Amino acid sequence: MHPPESAEELLNRCRRIAGFTLEELAAELAVALPKDLKRDKGTVGQLLELALGASAGSKAEPDFPHLGIELKTIPIDAQGAPLESTYVCVAPMSGFALERFEDSWVYRKLSRVLWVPVLASRDIPLAQRTIGQAFLWRPSPAELATLQQDWEELMELLRLGQLSQIKGQHGVALQLRPKGANSLALTDALNEDGATVQALPRGFYLKTSFTRALLQRQFA
DNA sequence: CTCTGATCATTA
DNA sequence: TAATGATCAGAG
């Protein structure tokens with residue numbers, strides 16, 4: 001699948017597959033679908049990347065670089081509420097002294113997002129989960145302000161080396177959580193003296209309260 | 001090894 | 001039962 005040439009083409013591709021079960025989509029793409037996501041947590045996202053022609057792969061870029069659009073699948077329940085938080089990007093834990101919000105990965109990835117809801121309550125077998133109506137989103141001025149405020153608060157913790165104080169509870173919309181192979185994974189970080197130490201890698205995630213509001217606004 | 005795609009699973 | 005911390009697979 002070649003990359004879509006415009007946002008409109010991308011949305012048309014989404015409309016065509018809305019209502020498909022994951023089994024149907026996998027069959028059309030001629031790829032195998034695992035029995036569940038226990039050992040294949042990224043399957044749904046990769047299926048949609050394939051179906052829609054996303055090209056960035058595992059590079060640190062939006063999925064559709066030429067359109068500046070990031071693709072996010074989001075698991076929802078029958079009421080349309082998100083079932084999981086949404087991973088955004090890894091958090092810089094060293095060497096980020098001059099970074100401004102407008103230059104951050106958080107800003108670049110969230111400035112334009114194609115949300116693809118998937119009805120994915122845990123009691124629905126993976127194969128039977130259905131793709132919902134996708135929509136293109138830009139943060140409202142208020143949402144952007146919230147994101148920026150959170151980002152600055154969280155970056156301050158990282159800059160000051162307050163590693164032990166980092167909890168998922170910081171932030172209104174964004175939070176910092178572990179993002180690594182396991183709890184033993186290590187990356188360079190700063191301690192309180194500004195020295196480089198090894199610490200658990202973290203990522204920025206969107207809290208479900210934030211994505212819930214965004215979904216409700218769209219489908220209200 | 002890092003970053004992507006995320007969800008799992010235990011805790012509070 | 002929601003939230004937090006832990007975890008899994010693949011690409012590059």
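Chain naming here is simple, since letters A, B, ... match the order of the sequence lines and numbering starts at 1 in each. Given the structure is predicted, the values throughout are model-derived calculations rather than measurements.
- When heavy atoms are screened at a 4.0 angstrom cut-off, T73(A) is found touching the sugar-phosphate backbone but no base atom.
- OP1 or OP2 of dT4(C) has not a single side-chain nitrogen or oxygen of R177(A) nearer than 4.0 Å.
- Among the heavy atoms of the strands lying under 4.0 Å from G180(A) is at least one base atom, whether or not backbone atoms are also near.
- When side chains are defined from C-beta on, M155(A) counts as touching F204(A), because their heavy atoms get closer than 4.5 Å.
- Counting to the nearest Å, the C1' atom of dC3(B) and the NZ atom of K41(A) are 17 Å from each other.
- Considering only side-chain N and O atoms, K72(A) lies under 4.0 angstrom from the phosphate OP1 or OP2 of dG5(B).
- Here P75(A) lies in heavy-atom contact (under 4.0 Å) with sugar-phosphate atoms only.
- If you measure from atom CG of D40(A) to atom P of dC8(C), you get 12 Å, rounded to the nearest angstrom.
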Residues I131(A), L22(A); criterion side chain to side chain contact (heavy atoms under 4.5 Å, CB included); working and verdict: CA-CA 7 Å; I131(A) 297 166; L22(A) 295 183; 4.0 Å; yes
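- If you chain together hydrophobic residues whose side chains sit under 4.5 Å apart, L29(A) and M1(A) never meet in one group.
- Side-chain atoms of L174(A) and L206(A), non-hydrogen and from C-beta on, do get closer than 4.5 Å to each other.
- Taking side-chain N and O atoms only, Y87(A) has a distance below 4.0 Å to OP1 or OP2 of dT4(B).
- Atom C1' of nucleotide dG5(B) and atom CG of L33(A) are separated by 15 Å, given to the nearest angstrom.
- In the set dA3(C), dG5(B), dC8(C), dA3(C) carries the atom at the smallest distance from any side-chain atom of T208(A).
- Counting distance only, with no hydrogens placed and no angle test, the side-chain atoms of Y205(A) and the base atoms of dA6(B) include a donor-acceptor pair under 3.5 Å.
- Protein atom CG of D63(A) is 16 Å distant from nucleotide atom P of dC3(B), rounded to whole Å.
- Side-chain atoms of E152(A) and Q148(A) form a donor-acceptor pair, as typed in the model, at a separation below 3.5 Å.
- Non-hydrogen atoms lying under 4.0 Å from DNA chain C are contributed by K167(A), G168(A), Q169(A), Q175(A), all within residues 166-175 of chain A.
- When rounded to the nearest whole Å, the span between CG of N182(A) and P of dA6(C) equals 10 Å.
- Each of S85(A) and V90(A) was matched to the nucleotide of DNA chain B holding its nearest heavy atom; the match closer to the 5' end belongs to V90(A).
- Of the residues in residues 110-130 of chain A, R122(A) come within less than 4.0 Å of DNA chain B through at least one heavy atom, sorted by number.
- Atom pair I76(A):CD1 and dA6(B):P shows a separation of 14 Å (rounding to whole Å applied).
- Note: L157(A) CG to R202(A) CZ = 10.0 Å, rounded to the nearest 0.5 Å.
- With the nearest nucleotide of DNA chain C identified for both E84(A) and S183(A), E84(A) has the one nearer the 5' end.
- I74(A) has its side chain within reach of P117(A): a pair of non-hydrogen atoms, C-beta onward, lies under 4.5 Å apart.
- Between F210(A) and T86(A) there is no side-chain heavy-atom pair separated by less than 4.5 Å.
- Closest non-hydrogen pair, L186(A) versus L200(A), comes out as CD2-N, 4.3 Å.
- Between K179(A) and the phosphate of dA6(C), there is no side-chain N or O to OP1/OP2 separation shorter than 4.0 Å.
- Remark: T187(A) is not in phosphate contact with dC1(B), judged by side-chain N or O atoms under 4.0 Å from OP1 or OP2.
- Counting heavy atoms from C-beta on, the side chains of L158(A) and I166(A) come closer than 4.5 Å.
- Here the C1' atom of nucleotide dA9(C) and the CD atom of Q46(A) are 8 Å apart, to the nearest Å.
- OP1 or OP2 of dA9(C) has not a single side-chain nitrogen or oxygen of T43(A) nearer than 4.0 Å.
- Whole-Å rounding puts the M93(A) CE to dC1(B) P distance at 16 Å.
- Shown here for P201(A) and M93(A), the closest heavy-atom pair between the two residues is CA-SD, 4.0 Å.
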